[in-house]
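Below, each value reflects all heavy atoms present in this structure, side chains not excepted, and no hydrogens, waters or symmetry copies.
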Amino acid sequence: QVQLAESGGGSVRAGASLVLSCAASGLTFSQYAMGWFRQAPGKERDFVAAISSSGSNAYFEDSVKGRFFMSRDNAKNVVYLEMNSLKPEDTAVYFCAAAVDLLDYRPSDPYEYDYWGQGTQVTVSS
C-alpha cells in the first residue's frame with residue numbers, strides 16, 4: 001500500500017533552519033505532485049508548499065515565500081521541505097501528501113491529495 005513517511009521535525013529557536021523529508025513508497029512517485037501542509041493546535045490544516053511531479057514547478061503559501069524551499073528526488077522517491085528563518089508561528093505538525101499531477105491540479109487544495117503521511121512536529125521557540 002501507499003506510505004508517506006515524514007521525518008526531520010524537531011524543536012528549534014527562532015531563526016533556525018530545518019529540512020523535512022517525506023519518503024514515499026507504494027506509488028509511481030514520478031506521476032504525483034507532492035504537497036506539504038501544516039496544522040497548528042486548534043487550527044485547520046493549511047497549505048504550505050507543493051511541487052509538480054517533475055519538480056519543474058513549485059508553489060508556496062505567502063507567509064513562507066523566500067524562507068521555505070521545496071525539492072524532490074524522483075530516483076529516491078523523496079521530497080524535501082527546506083525551512084529557513086523559522087518563526088514561532090511556523091510551529092505545527094507538518095504533513096506531506098501526494099496528488100496525481102493532472103492539468104487541473106490545484107496545489108493548495110487538500111482535497112486534491114490522495115495520500116497523506118502521519119506528520120512530523122516542528123516547534124519553534126522565540
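- In terms of heavy-atom proximity, R13 sits nearest to S125 at CD-OG, 3.1 Å.
- A continuous path of ILVMFWY side-chain contacts below 4.5 Å connects I51 to L4, so both sit in one hydrophobic cluster.
- Under the 3.5 Å distance criterion, the side-chain polar atoms of R67 are matched with a main-chain donor or acceptor of S85.
- V78 and L18 fall into different hydrophobic clusters, where Ile, Leu, Val, Met, Phe, Trp and Tyr are joined by side-chain heavy atoms under 4.5 Å apart, directly or via other members.
- With a 4.5 Å cut-off on side-chain heavy atoms, E6 and L20 do not count as touching.
- Surrounding CD of Q39 are more than 12 heavy atoms belonging to other residues, nucleotides or ligands, all under 6.0 Å away.
- Residues W36 and S21 approach most closely at CH2-O, 3.7 Å, considering heavy atoms.
- Counting all heavy atoms, side chain and backbone alike, A92 lies closest to A40 at CB-N, 3.8 Å.
- Note on V2 and F37: separate hydrophobic clusters, where clusters join Ile, Leu, Val, Met, Phe, Trp and Tyr whose side-chain heavy atoms are under 4.5 Å apart, directly or indirectly.
- Nearest approach of A50 to Y113, heavy atoms of both residues: CB-OH, 3.7 Å.
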Full working for side chain to side chain contact (heavy atoms under 4.5 Å, CB included) between Y105 and Y59 = CA-CA 12 Å; Y105 163 63; Y59 314 87; 4.3 Å; yes
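- Neither F29 nor Y80 shares a network with the other; the hydrophobic side chains, linked directly or stepwise wherever heavy atoms of I, L, V, M, F, W or Y lie under 4.5 Å apart, form separate groups for each.
- Using a 4.5 Å cut-off on side-chain heavy atoms (C-beta onward), Y32 and V100 make contact.
- Distance alone, capped at 3.5 Å, places no donor-acceptor pair between the R106 side chain and the Y111 backbone.
- Using a 4.5 Å heavy-atom threshold, the side chains of V122 and M83 count as touching.
- Judged purely by atom type and a 3.5 angstrom limit, T123 has no side-chain atom pairing as donor or acceptor with the backbone of T91.
- Looking at every heavy atom in both residues, A98 comes nearest to M34 through CB-SD, 3.6 Å.
- Clustering ILVMFWY residues whenever any of their side-chain heavy atoms sit less than 4.5 angstrom apart, transitively, puts F95 in a cluster other than the one holding F69.
- Side-chain contact between R45 and P110 is absent, with no heavy atoms from C-beta onward closer than 4.5 Å.
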Could you go step by step and tell me if F60 and M70 meet the side chain to side chain contact (heavy atoms under 4.5 Å, CB included) rule?
-> CA-CA 9 Å; F60 298 92; M70 194 168 176; 4.1 Å; yes
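- Summarising the geometry, atom OG belonging to S30 is positioned 11.5 Å from atom CG belonging to D73; distances are rounded to the nearest 0.5 Å.
- Salt-bridge check for K87 with D90: failed, with every basic side-chain N at 4.0 Å or more from each acidic carboxylate O.
- No donor-acceptor pair closer than 3.5 Å links the side chain of D101 to the backbone N or O of Q31.
- Closest approach of S54 and N74 over heavy atoms only: CA-ND2, 4.4 Å.
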